[in-house]
Structure formats: structure tokens, C-alpha cells
Novice: 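This is the structure I have questions about; it appears just below.
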Amino acid sequence: MTIARLRRGLAVAGLVVPALFAACGKKEQAPPPVTIQQAPPSTVPPTTTTTTVPSPPPVWRSAHWGMTKDEVLAAFPGEAQRLPQPADFGVPGAGSTDLAIPVSEIDGMKFRVLFGFESDALNRVHLSAIKPADTTCGDLEKLLTEKHSAPSDRSRTQTTVRGEQIVWKRPEQTITLACTEAPGLGYRSVMLDYTAPGKI
């Protein structure tokens, strides 16, 4: 009986052990490989984005730095004109030009406008008041301060002639208001200069 029992035990063990090995040894099978299909080449051309750089703001009315004389004439039709003789910018040695607006009005004040060029590129706009009143300089300073904030520099001179120079330095231009007066002589001059960066 012991041998018979032993045989049965071995027979049962012979069935159980392989079943245990089969259960323990069974490994998880990896999922089947995924096949990635490429889309057919597109027939639509790629989209390109064009960025347009905005033009800089005008420096005075419709004038932009770098304009040619013909472009300035076109920007101020019926106003800008070629002069028969070059006109000086007012200060000795400051140069001259043959392109001007004989009369331009700003808030009731009248000015002569001269356009200055270097290598046929606009780099200066010079305004000189025609018969300036005693309030012209103060009125212009107020207008410019409202538009460009407080001036960056101010200087005064006092001899027989009283002078004041007020400057607004901007990244795109320098604006200089020069007021000169000799009350005893009845002389008054108001000049406003717009100059391109780097030009003084």
C-alpha cells in the first residue's frame, strides 16, 4: 500500500508540478506590432506668413526721412515747390535748399517750410515763422509738449538779443524750437527744426 500510495502521489505530483510550471512560467505576450501608415504627400502647398513692417510715422505732416525731392513734392501737392534760387536755412553755414512750402499754417500761425536733403534723401524740415507774434514761441512750445511730452533740453542766452532754444530728442528725430527776440529793435524770430537721427 505504501508503494501504491507513493505511485499515486507521484502521479498526482507529476500532473500538478507541470501545471504549476505552466501557470507560473506563462509569460504575457507582447501585443502585435502597430503598423503606422504614412499619409500620402499633400498636394496643398505649405502656407507662408508674410509680415509687413509698418512704415515709420511721418516726421512732419506727410514727410518721412529718406524721401527724395520728387516724393516730397508728391506728398505735398499744390504746396511744395522748387525754388528758383536756393534758400538758406537761416543760420549761417546751416546749408540751403531749393524745395519749400512758401506758406503753411499751424494753429493760426504761418510758417515758411524748407526741406533739407543729404544725398537726395530728406533729413531736415525747417519752419520759420512769418511775422511771429509775441506768443508764437510759447504757443509752439505748448503744442510740441502736448504732442511729444516735456522737452529734453532748454537753454537761454541774454545779451542785447534774448534767445531760447528748446529741444525734444525722440528716437526718430530731434525737434528744436529756437526763439530770438530784441524787444528794443522790434525783432523777433521763431524757427522750428525737425532733424533726422544723427543729424544736428
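Model, not experiment: these values are computed from the prediction.
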Novice: Does Val190 belong to the same Ile/Leu/Val/Met/Phe/Trp/Tyr cluster as Leu143, with side-chain heavy atoms less than 4.5 Å apart forming each link?
Specialist: yes
Novice: Any side-chain heavy atom of Thr145 sitting closer than 4.5 Å to one from Pro151?
Specialist: yes
Novice: Are Met191 and Phe115 connected, step by step, through hydrophobic side chains (Ile, Leu, Val, Met, Phe, Trp, Tyr) whose heavy atoms are closer than 4.5 Å?
Specialist: no
Novice: Considering only heavy atoms from C-beta outward, does the side chain of Leu177 approach that of Glu141 to under 4.5 Å?
Specialist: yes
Novice: Given side chains that start at C-beta, do those of Val72 and Leu122 come closer than 4.5 Å, heavy atoms only?
Specialist: yes
Novice: Apart from Val167 itself, what residues make up its hydrophobic cluster, given side-chain heavy atom links below 4.5 Å?
Specialist: none
Novice: Strictly by ring-ring contact (aromatic ring centres under 6.0 Å, His included), give each pair with a member in residues 146-172 just once, sequence neighbours left out.
Specialist: none
Novice: Partners of Ala121 by side chain to side chain contact (heavy atoms under 4.5 Å, CB included), sequence neighbours excluded?
Specialist: none
Novice: Please report the C-alpha distance between Arg82 and Asp70 in whole Å, then the side-chain angles of each, then the deciding distance to 0.1 Å, and finally whether the salt bridge (Lys or Arg N to Asp or Glu O under 4.0 Å) criterion is met.
Specialist: CA-CA 10 Å; Arg82 292 190 188 272; Asp70 288 336; 3.0 Å; yes
Novice: Taking the side chain as every heavy atom from C-beta outward, state whether Gln81 and Pro102 have any atom pair closer than 4.5 Å.
Specialist: yes
Novice: Within the structure provided, determine whether Pro183 and Arg162 are in side-chain contact (heavy-atom separation under 4.5 Å).
Specialist: yes
Novice: Checking Asp139 now: which residues fulfil side chain to side chain donor-acceptor pair (under 3.5 Å) with it, not counting sequence neighbours?
Specialist: Thr135
Novice: Report the residues that fulfil side chain to side chain donor-acceptor pair (under 3.5 Å) with Asp134, sequence neighbours left out, ordered by chain and then residue number.
Specialist: none
Novice: Can you confirm whether the side chains of Arg61 and Ser104 place a donor and an acceptor under 3.5 Å from each other?
Specialist: yes
Novice: Does the Thr136 side chain pair with the main chain of Ala133, one donor and one acceptor, at a distance under 3.5 Å?
Specialist: yes
Novice: Look up atom CD in Glu181 and atom OH in Tyr187, then write down how far apart they are to the nearest 0.5 Å.
Specialist: 10.5 Å
Novice: Keeping to residues at least two apart or across chains, list the ring-ring contact (aromatic ring centres under 6.0 Å, His included) pairs with something in residues 78-111.
Specialist: Phe89-His126
Novice: Same cluster or not: are Phe76 and Leu99 linked, directly or through other Ile, Leu, Val, Met, Phe, Trp or Tyr residues, by side-chain heavy atoms under 4.5 angstrom apart?
Specialist: yes
Novice: Quick check: do Trp60 and Ile106 have side-chain heavy atoms less than 4.5 Å from each other?
Specialist: yes
Novice: Closer than 3.5 angstrom, by distance alone: can the side chain of Trp65 be matched with the main-chain N or O of Glu172 as a donor-acceptor pair?
Specialist: yes
Novice: If you group Ile, Leu, Val, Met, Phe, Trp and Tyr by side-chain heavy-atom gaps below 4.5 Å, do Val125 and Leu114 land in one group?
Specialist: no
Novice: Side chains of Leu192 and Thr176: closer than 4.5 Å at any heavy-atom pair?
Specialist: no
Novice: Determine yes or no for a side-chain-to-main-chain donor-acceptor pair under 3.5 angstrom, with Thr174 supplying the side chain and Thr195 the backbone.
Specialist: no
Novice: Is there a side-chain contact between Asp153 and Ile166 (heavy atoms, below 4.5 Å)?
Specialist: no
